[in-house]
Amino acid sequence: MPSESLNSANNSLVAAESKMDAAVIEAKEKPSVRSPESIFQDEERDIYYQHLTQTDSPIEKLVEALRETLERHRGERQLVLLQDFPDPDALSSAWAYSIIAQQYDIQCDIVYAGTVSHQENIALVKLTGLPAKRWSVPNVKEQDLSVYQGCVLVDGQGTTSQLMSLVNKANIPLIVTIDHHSSQGDIQAEFIDLRPQARATATILTEYLEAGLLKLSTSNKKHIKCATALMHGLRSDTNSLLQAQEEDFLAAAFLSRFYDPQLLNAILQSARSKRVMDVIERSLKNRLVQNSFSIAGVGYLRYDDRDAIPQAADFLVTEENVHTAVVYGIVHDEDEELELVIGSLRTSKLTLDPDEFIKEAFGQDAQGRFFGGGRYMAGGFEIPLGFLYGFNDNSDYAKIKWEVFDTQIKQKLLRLVNPDDSVISGL
């Protein structure tokens with residue numbers, strides 16, 4: 001490079017960094033001003049990001065390790081496995097990974113075993129054309145798993161997917177694991193990026209994009225839709241950015257150059273179904289409030305209505321003098337003969353760790369896998385019904401069965417909420 005060009009580039013970098021430093025000082029002195037990110041002009045911001053990606057930062061090391069992993073598996077076909085009930089963070093992150101992998105001629109199939117039932121999730125998949133497929137457990141037997149040379153876990157570690165055991169039986173090696181939840185056990189993968197301190201997996205994938213693993217283009221419709229999905233995933237896991245940290249805001253700032261605001265607004269405007277409103281009504285009617293915890297069992301739900309449970313928890317935690325809400329119900333899938341107690345936790349209490357709370361409340365199964373876990377301000381659990389599994393048309397039997405599980409779940413929760421009280425007598 002001629003010396004004049006080199007000096008010009010260095011001067012531009014120094015000018016960009018100086019403006020960044022001045023903006024940070026100004027932001028500290030005047031909290032109401034715009035963020036330093038928004039003060040940058042596009043060209044100056046590009047120079048600064050280019051400088052960041054050329055430094056030997058931990059993010060850059062992770063990106064380089066992932067790049068090398070993808071290169072080793074060039075031309076293969078991979079199975080991107082999501083939790084049974086994928087949320088926007090999982091869906092968008094998996095899509096971003098698959099688009100990155102395409103650069104290495106890697107074909108990805110994004111699959112989940114449960115259902116996408118939350119109205120916003122349905123809108124996300126339909127309006128963006130997000131290529132996620134449902135593989136019901138019985139139908140997996142018809143799939144030829146031998147065509148896959150690797151498995152990828154995004155926004156999960158395999159503990160919340162019914163398909164994981166089938167993948168293991170097929171001896172499909174685990175290539176990549178990217179997640180923002182706490183470790184759920186020993187993970188054997190070529191590339192692992194676990195960041196429990198991160199608020200969203202979408203933030204992690206966006207950092208990969210920002211570091212140059214894929215150059216997004218505003219002229220590429222797929223890139224625009226994926227950026228919109230990532231913005232939605234980031235937004236949903238940070239409570240509309242209210243619980244976001246610095247890296248989340250930086251990721252959102254990067255995505256702001258590519259996402260479609262009108263498309264995102266259309267996704268967010270999805271109306272709640274009547275069945276969801278009915279479950280919220282049941283949770284209000286059945287809730288038990290003690291020590292600022294609101295606990296509600298909502299009875300039996302269809303498998304397709306499972307996402308009404310976290311929506312009810314989101315609603316209950318907004319009640320005055322309540323900092324934590326737990327909502328649960330028995331979810332029955334007649335097609336696959338599956339029955340589970342499924343619950344969601346939402347909290348606004350900074351000192352309550354949802355992951356620790358749920359693991360302590362419900363423990364582990366015979367194989368040592370926890371029945372649930374969590375992330376910042378949210379968590380969930382799934383408990384198979386075991387010997388009592390099975391649908392019964394007798395209403396009296398169904399009522400007794402629900403009462404047994406309702407009492408047991410409340411006991412386990414109230415032991416932590418009111419450890420000194422007699423739990424059963426308090427119900």
Is there a side-chain contact (heavy atoms from CB on, under 4.5 Å) between Asp193 and Ile204 once you walk through the steps? CA-CA 9 Å; Asp193 189 354; Ile204 300 174; 3.5 Å; yes
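- No donor-acceptor pair closer than 3.5 Å links the side chain of Thr228 to the backbone N or O of Leu263.
- Without hydrogens or angle criteria, Ser240 side chain to Leu242 main chain gives no donor-acceptor distance under 3.5 Å.
- Glu64 and Lys61 are not joined by a salt bridge, as no carboxylate oxygen comes within less than 4.0 angstrom of a charged side-chain nitrogen.
- Across every non-hydrogen atom of His73 and Ile175, the tightest pair is CE1-CD1, 3.4 Å.
- A ring-ring contact (aromatic ring centres under 6.0 Å, His included) check over residues 77-114, counting only residues at least two apart or in different chains, returns the pairs Phe85-Tyr303.
- Formation of a donor-acceptor pair under 3.5 Å by the Gln290 side chain with backbone atoms of Leu288 is not found in this model.
- Judged by distance alone, the side chains of Thr201 and Ser93 never bring a donor and an acceptor atom under 3.5 Å apart.
- A salt bridge links Glu207 to Arg195: one of the charged nitrogens lies within less than 4.0 Å of a carboxylate oxygen.
- Every residue two or more places apart in sequence or in another chain was checked for a side-chain hydrogen bond (donor to acceptor under 3.5 Å, both in side chains) with Asn321, and none qualifies.
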Would Lys410 and Tyr328 satisfy side chain to side chain donor-acceptor pair (under 3.5 Å), going step by step from the backbone distance to the final call? CA-CA 10 Å; Lys410 279 192 172 69; Tyr328 55 89; 2.9 Å; yes
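- A donor-acceptor contact shorter than 3.5 Å links the side chain of Gln149 to the backbone of Arg77.
- Using modelled atom types and a 3.5 Å distance limit, the side chains of Gln245 and Gln197 yield no donor-acceptor pair.
- Taking the six-membered ring for Trp and the full ring otherwise, Phe371 and Phe381 have centroids separated by 6.0 Å or more.
- With hydrogens and angles disregarded, no donor-acceptor distance shorter than 3.5 Å links the side chain of Gln83 to the backbone of Gly158.
- The side-chain heavy atoms of Leu340 and Ile330, taken from C-beta on, include no pair separated by under 4.5 Å.
- Residue pairs that meet the salt bridge (charged side-chain N to carboxylate O under 4.0 Å, His left out) test with at least one member in residues 230-254, sequence neighbours left out, are Asp237-Arg375.
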Given ring-ring contact (aromatic ring centres under 6.0 Å, His included), test Phe357 with Phe293 step by step and report yes or no. CA-CA 12 Å; Phe357 183 88; Phe293 282 77; 5.7 Å; yes
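- By the 4.0 Å N-to-carboxylate-O rule, Asp260 lies too far from Lys225 to be salt-bridged with it.
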From CA spacing to verdict: side-chain contact (heavy atoms from CB on, under 4.5 Å), Arg134, Val111: CA-CA 6 Å; Arg134 184 193 181 199; Val111 301; over 6 Å; no
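- The NE2 atom of His118 sits 10.5 Å away from the CZ atom of Arg306 when rounded to the nearest 0.5 Å.
- Screening Ile106, Leu174, Leu79, Val176 for a side chain to side chain contact (heavy atoms under 4.5 Å, CB included) with Val152, the sole residue that qualifies is Val176.
- Using modelled atom types, no side-chain atom of Asp89 and backbone atom of Ala200 make a donor-acceptor pair closer than 3.5 Å.
- Rounding to the nearest 0.5 angstrom, the gap separating the CG atom in Leu82 from the CG atom in Leu153 is 9.0 Å.
- A distance-only check finds no donor-acceptor pair linking the side chain of Gln78 to the backbone of Ala101 [under 3.5 Å].
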Given the rule in the side-chain contact (heavy atoms from CB on, under 4.5 Å) test, do Tyr259 and Ile224 qualify, once you have shown the distances and angles that lead to the verdict? CA-CA 5 Å; Tyr259 88 113; Ile224 293 173; over 6 Å; no
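- Judged by distance alone, with hydrogens and angles left aside, the side-chain atoms of Asp179 form no donor-acceptor pair with the main-chain N or O of Leu194 at under 3.5 Å.
- Legend: ring-ring contact (aromatic ring centres under 6.0 Å, His included) pairs involving residues 180-201, not counting sequence neighbours: none detected.
- For Arg346, the salt bridge (Lys or Arg N to Asp or Glu O under 4.0 Å) test picks out Asp314, with sequence neighbours left out.
- Listed by first and then second residue, the side-chain hydrogen bond (donor to acceptor under 3.5 Å, both in side chains) pairs involving residues 275-284 are Lys274-Asp278, Arg275-Asp305 (not counting sequence neighbours).
- Asp87 and Asn121 are not linked by any side-chain donor-acceptor pair at a separation below 3.5 angstrom, with hydrogens and angles left out of the test.
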